[in-house]
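A, B, ... follow the sequence lines: proteins, then strands. Residue 1 opens every chain.
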Amino acid sequence: MAKEIEVFIKLQVKGAQANPAPPIGPALGSKGVNIMEFCKRFNAVTQDKPGKILPVLISVYKDKSFDFVIKTPPAAIQLLEASKLKSGSPEPNRKKVGSVTWDQVKDIAEDKMPDLNCFTLDSAMRMVAGTARSMGITVAGTPPWGGEAE
Amino acid sequence: MRKDKKIALNYYQYNFVIAEPYRDILLAMLSELPFDTFEETPEGLHAFIPEPDTDQEAIAAQLSEWQQQWPFQYAVTFIPAQNWNAVWESNFQPIVVDDFCGVRADFHEPSQGVEYELVINPKMAFGTGHHETTYMMMQAMRNLSLAGARVLDYGCGTGILAILAAKMGASLVDAVDIEEESAANSIENARLNQTPDIRVFHGTLDAVGPGPYDVILANINRNVILESLPALYAMTASPGVLLISGVLQTDEDLVTTQAESQGFRKTESRHRGAWAAVVMDKS
């Protein structure tokens, strides 16, 4: 029989860096879950992505056990990382974050397609480019569908 | 690599009310401030930052600038440090590893029919025997003759494996953990188990003497183990044993290969759930 769910918890946690501090501590601890066990497992499966912010959906069951699913980072996080890689100057707190290429936008769009409710890669890319614009990140060059960047 | 970590910090929680299209953007920008963990809520987002990293004025200035671009509201609450694992800790069931070793909290009745009994009050440190990795480490320790041995517990957490080694007759037991709370918890548990001779260190392997150790116990994680293999090889006596866990079965080959390229030889591996434990010999 499937286990009865007590609560879903949606967190975004840095890969390989989960620890029993807030929000993991209070969110899981208040449900009687063994926090250290969650941290050990989350950190083990994210050893390839240390420090990257990863969305994780945790199901806490009535019997105090848990399961979790890790998703790919939000487009905004990926854009921020891509823009830093390119400029090579990770300076926080700046208005203009940097720029990315259309190839990078395409990679992110492909990665996030399942979450974006887009039917075509082009529309997913437009959406990711729109997110970049809202963040002050410019997309350099000509979009693959031609014309000016929107 | 950081030389120490502290977990039991005060935190600030920033509660944001923000519409969906902007939430991920705000989250990405906050991660640079540097908020370290986030919780998605129906209204928006909760963002968490340790008190020592919090410059409230600078954050407020940055947020008011962003509010011009993306409409949102926020409120700040303070979360004092506390033992978040207290609920689980107050309810956990004692565990028995085969007929070899029982682990319980001080409020449980003593375990029956086991060779060794450990009392562990874990707080926010790792290691109670419930986890597959700790369980397998204890099973593997049973096959080693630790009487008179020099033992290092690397990443000791609650100190559970160091305490077991001391009870098995090790002549010298050192334990080290990068987390301050774990080092403190190991000292507390060592006293509780009448094994006060265990020497507890706070930091990385550098915090411990050069060895050599007849047995090194390393239940940590893949990356730390991989980085530490050269030092662990140097610190293992000839002959000696390195016992590894904290790695998933999917990472077992990688860890084994790298350990063997250092000069270790795999003599045994165990599996439990998704996890692996590997026994490595140095000749």
Side-chain angles (χ1 to χ4, degrees), chain A residues 9-14 16-37 39-41 43-48 50-53 55 57 64 73-81 84 90-95 97 112 127 130-132 134-137, chain B residues 5 7-9 11 13 21-29 31-34 36-41 45-46 48 50 58 62 65 69-70 79 81-92 122 124-128 130-131 133 157 179 181 221-223 226 246-248 250-251 274-275:
Chain A
I9 303 165
K10 280 176 151 180
L11 302 180
Q12 304 221 10
V13 182
K14 287 183 179 172
Q17 290 178 15
N19 68 50
I24 298 170
L28 295 181
S30 63
K31 306 293 174 207
V33 171
N34 183 356
I35 307 165
M36 304 313 296
E37 194 180 326
C39 294
K40 185 93 171 174
R41 216 159 99 192
N43 291 339
V45 297
T46 55
Q47 289 284 296
D48 285 322
K52 285 202 191 306
I53 292 178
L57 175 63
K64 317 280 180 226
I77 291 274
Q78 296 194 40
L79 282 163
L80 204 57
E81 280 169 5
K84 275 194 228 164
E91 277 196 56
N93 312 346
R94 293 288 175 271
K95 229 178 176 176
V97 182
K112 296 306 290 180
M127 207 176 237
T131 301
S134 305
M135 297 172 72
I137 295 175
Chain B
K5 274 197 293 200
I7 302 299
L9 295 170
Y11 267 70
Q13 174 177 343
Y22 301 116
R23 184 178 68 192
D24 283 353
I25 295 176
L26 179 66
L27 189 154
M29 305 304 265
S31 72
E32 303 279 300
L33 273 183
D36 65 4
T37 316
F38 306 89
E39 181 170 10
E40 294 173 33
T41 64
L45 186 67
H46 295 167
F48 298 82
Q62 182 64 72
E65 194 180 306
Q69 302 173 52
W70 323 298
I79 310 175
Q82 55 193 281
N83 176 9
W84 300 108
N85 218 21
V87 177
W88 179 80
E89 217 189 336
S90 65
N91 289 310
F92 85 85
M124 289 201 291
F126 180 85
T128 51
H130 292 80
H131 198 262
T133 56
E179 286 173 10
E181 292 75 17
N221 65 48
R222 186 195 77 187
N223 292 355
L226 290 178
V247 294
L248 294 167
T250 46
D251 289 328
W275 301 88

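Contacts between B/Asn223 and chain A at a heavy-atom distance below 4.5 Å involve backbone atoms as well as side-chain atoms. Heavy atoms of B/Ile25 lying under 4.5 Å from chain A belong to its backbone as well as its side chain. B/Tyr11 touches chain A through its side chain: at least one heavy atom from C-beta onward sits under 4.5 Å away, while N, CA, C and O do not. Proximity to chain A (any heavy atom under 4.5 Å) is shown, for B/Thr250, by neither the backbone nor the side chain. Looking at A/Val13, the atoms closer than 4.5 Å to chain B (heavy atoms on both sides) sit in the backbone and in the side chain alike. Neither the backbone nor the side chain of A/Leu79 comes within less than 4.5 Å of any heavy atom of chain B. For B/Ala125, the part sitting under 4.5 Å from any heavy atom of chain A is the backbone (N, CA, C, O) and nothing else. Both the backbone and the side chain of A/Asn34 come within contact range of chain B, with heavy atoms under 4.5 Å apart.
Looking only at heavy-atom pairs under 4.5 Å with chain B, the residue among A/Pro20, A/Pro55, A/Ala21 that has the most is A/Pro20. In terms of non-hydrogen atom pairs under 4.5 Å with chain A, the most contact-rich of B/Ile79, B/Thr41, B/Leu27, B/Thr133 is B/Leu27. Counting heavy-atom pairs closer than 4.5 Å to chain A, the top residue among B/Phe48, B/Phe92, B/Tyr22 is B/Phe48. Ranked by heavy-atom pairs shorter than 4.5 Å toward chain B, the options A/Ile24, A/Asn43, A/Val33, A/Ile9 are led by A/Val33.
For the atom pair CZ of B/Arg222 and OG1 of A/Thr46, the computed distance is 9.5 Å after rounding to the nearest 0.5 Å. How far OG1 of B/Thr37 is from CD of A/Gln17: 8.5 Å, rounded to the nearest 0.5 Å. Atom NZ in A/Lys64 sits 7.5 Å away from atom CG in B/Asn91 (nearest 0.5 Å). Between atom CE of residue B/Met29 and atom CE of residue A/Met135 there is a gap of 5.0 Å, rounded to the nearest 0.5 Å.
The two residues A/Lys40 and B/Trp275 come nearest to each other via the heavy atoms O-CH2, 3.6 Å. Between B/Gln69 and A/Ser134 the shortest heavy-atom distance is OE1-O, 3.9 Å. Closest approach of B/Gly246 and A/Ala44 over heavy atoms only: O-CB, 4.5 Å.
Proximity of A/Pro22 to B/Trp84: side-chain heavy atoms (C-beta onward) are separated by under 4.5 Å at one or more points. Contact of the B/Asp24 side chain with the A/Ile77 side chain is not registered, since no non-hydrogen atoms from C-beta on lie closer than 4.5 Å. Residues B/Val87 and A/Lys31 have side chains not in contact (no heavy-atom distance under 4.5 Å, counting atoms from C-beta outward). Between B/Ser31 and A/Leu80 the shortest side-chain heavy-atom distance falls below 4.5 Å.
Considering B/Leu248, B/Val247, B/Asn221, B/Leu226 as possible partners of A/Gln47, the one that fulfils the side-chain contact (heavy atoms from CB on, under 4.5 Å) test is B/Asn221.
Remark: B/Asn83 pairs with B/Asn85, B/Ala86, B/Glu89, B/Lys123, B/Met124 by the side-chain contact (heavy atoms from CB on, under 4.5 Å) rule, at least two apart or across chains. In this view, A/Lys14 satisfies the side-chain hydrogen bond (donor to acceptor under 3.5 Å, both in side chains) rule with no residue, not counting sequence neighbours.
Formation of a donor-acceptor pair under 3.5 Å by the B/Trp88 side chain with backbone atoms of A/Leu28 is not found in this model.
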